[in-house]
Amino acid sequence: MHEMSLCQSILEIIENQACTLGFHKVIAVRLEIGKFASVELAALRFGFSAASKGSMAEGARLDIIETPGQAWCLDCRKSVVLQQRLAPCPVCGGDLLRVSGGMELQVKELEVV
Amino acid sequence: MCITCGCDDAKPRINGGELLNGRQFDAVHLPAHFHHHDKPSATRNLRIERDILDSNKKYAAENRRRLLLHNILALNLVSSPGSGKTQLLTRSIEDLRHEVAIAVIEGDQQTSNDAERIRATGVAAVQINTGKGCHLDAHMVGHAMDRLVLAADSILFIENVGNLVCPAAFDLGEAHKVVILSVTEGEDKPLKYPDMFQAADLMLLNKIDLLPYVDFNMSICINNAKRVNPDIEVLPVSATRGHGLTDWYRWLAACRSQKQRLGEQYVSSLAGQD
């Protein structure tokens, strides 16, 4: 959702970091996107390539690390990895799960010149 | 901003006026030609670790600070269009306004219809029109707060754009998100829109006076909400008939006293810094 808006925010982060850290060209952007962050990765890639035209990030590679969905199971009292948002607990089959991870949306690293 | 092509031709407006184009909180303007000084041409990796939504989070934190300073309980009301949010709000204001000061921020793509309905109750309301935007963000809400007299120990209701998807991701500086679902919408709504029901601390199940006329199973709906968010509280209400509103007002009162304690701690911590 809002992939274009997210790309604009990524480019603003890049602009700010370029000023502070002193670089003029971005080769790659490493993103951490959680499994439950509701981001369509293909749309994000398309949006980034469109939004970055004419900027120092034009042509930059997007390396995306998808972090797993995690939840705390209130039945078996364990932290578990969930493959899908509404999946039951993989340990006990319970369905009282408090989501604890997988919502990340972060610029982790930039490879720059 | 248009999410299809990123164009910005429909800027948000407050009370019909223009809003400054939202810039990143600590934006630094990059000159058109950035001259570097003899940098090596080898690539280097820079650790950034910055949230993509960092800008909104900073605005939200500033809103939260302002609200805490004046001990104001801010609630972000979210729902799909037609759930009865505005009706619930006007009814709550009519019942509570002699006990507690209330202000409202309204969010819609267009019109000031909802703000006018609120103002008719005698309470101040600021209308944000998002244009092509589909949710309120913390920058818009901060500007709207500037237009209100924020009374100490009051309640600020923020009625978000009717949308069960996008507002979930945008912190406005509120104490709680309250999701309003009506019994005419289907008991599987929490499963279809899990992000919103996960983000909310309270679900108001509205229009319960219509239960005899709709095929809606309240237990299944509540179970679905708890599957998505085991910690969510649920209060069945009817904004038009008044059912369940006492419990809703009791929930508000409990939140206010909790806020009071947090506000006092915050103010003491500021005094301690002098």
Side-chain angles (χ1 to χ4, degrees), chain A residues 1-33 36-39 43-44 47 50-51 55-56 71-75 84-86 88 94-99 103-113, chain B residues 1-8 22-31 33-37 39-57 133-135 137 163 165-166 168-170 190-196 198-199 223-224 226-232:
Chain A
M1 162 211 65
H2 292 163
E3 283 77 5
M4 199 59 170
S5 172
L6 294 177
C7 291
Q8 297 282 3
S9 297
I10 293 167
L11 288 167
E12 282 179 10
I13 290 172
I14 289 171
E15 276 183 25
N16 281 344
Q17 297 298 320
C19 238
T20 342
L21 300 175
F23 54 86
H24 63 284
K25 181 82 185 133
V26 181
I27 308 300
V29 182
R30 276 175 210 110
L31 301 175
E32 199 172 77
I33 308 282
F36 297 156
S38 300
V39 174
L44 190 72
S55 79
M56 67 173 64
W72 175 259
C73 176
L74 291 169
D75 286 325
Q84 284 177 335
R85 180 64 183 82
L86 297 177
D95 60 6
L96 282 179
L97 293 152
R98 184 185 294 140
V99 170
M103 310 289 290
E104 298 79 12
L105 279 175
Q106 222 185 46
V107 176
K108 292 295 279 187
E109 270 190 0
L110 296 175
E111 187 183 336
V112 302
V113 172
Chain B
M1 183 180 72
C2 173
I3 60 167
T4 304
C5 65
C7 75
D8 209 1
R23 293 288 297 165
Q24 195 174 8
F25 192 81
D26 55 355
V28 174
H29 253 295
L30 197 64
H33 299 283
F34 181 66
H35 297 288
H36 59 103
H37 303 284
K39 295 284 182 217
S41 56
T43 65
R44 52 195 171 115
N45 290 319
L46 301 173
R47 190 175 216 85
I48 306 296
E49 293 192 342
R50 191 83 176 266
D51 273 343
I52 296 172
L53 293 178
D54 189 58
S55 180
N56 187 75
K57 287 182 181 178
C134 46
H135 61 271
D137 65 32
N163 176 348
V165 180
C166 313
F170 294 89
L191 302 179
K192 289 180 177 174
Y193 300 94
D195 293 346
M196 188 64 87
Q198 181 190 319
N223 280 346
N224 286 339
K226 298 248 184 213
R227 251 186 83 186
V228 163
N229 180 356
D231 301 312
I232 198 168

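If you're wondering where the values come from, they're calculated on a predicted model, not measured in any experiment. Naming: A, B, ... by sequence-line order, numbering from 1 per chain.
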Most heavy-atom pairs under 4.5 Å with chain B, out of T20(A), L97(A), I27(A), belong to L97(A)
With sequence neighbours excluded, residues passing salt bridge (Lys or Arg N to Asp or Glu O under 4.0 Å) with E104(A): none
So which of I52(B), N223(B), D51(B), N229(B) has the largest heavy-atom pair count under 4.5 angstrom toward chain A? I52(B)
Report the option among R47(B), H135(B), Q198(B) that has the most heavy-atom pairs separated by less than 4.5 Å from atoms of chain A. Q198(B)
Who passes salt bridge (Lys or Arg N to Asp or Glu O under 4.0 Å) against D75(A), sequence neighbours left out? none
Test item: V165(B) and M196(B) side chains (from C-beta on) under 4.5 Å apart, heavy atoms: no
Select one option (side chain, backbone, both, neither) describing which atoms of R98(A) are under 4.5 Å from chain B's heavy atoms. both
I13(A) side, atom CD1; Q106(A) side, atom CD - distance, nearest 0.5 Å: 9.0 Å
Gap separating the CG atom of L44(A) from the CD1 atom of I33(A), nearest 0.5 angstrom: 5.5 Å
Tell me if the CD atom of Q84(A) is crowded by more than 12 foreign heavy atoms within 6.0 Å. no
For the candidates L53(B), D231(B), L191(B), which exhibits the highest count of non-hydrogen atom pairs separated by less than 4.5 Å from chain A? D231(B)
Tell me, for N45(B) versus chain A, whether the close heavy atoms (under 4.5 Å) come from the side chain, the backbone, both or neither. both
L74(A) versus chain B, the contacting section by heavy-atom distance below 4.5 Å: side chain
Heavy-atom pairs under 4.5 Å with chain B: which of L96(A), L31(A), L105(A) has the most? L105(A)
Which value, rounded to the nearest 0.5 Å, describes the distance between S55(B) atom OG and N16(A) atom CG? 9.0 Å
Please state whether the side chain, the backbone, both or neither of Q17(A) comes within less than 4.5 Å of a heavy atom of chain B. side chain
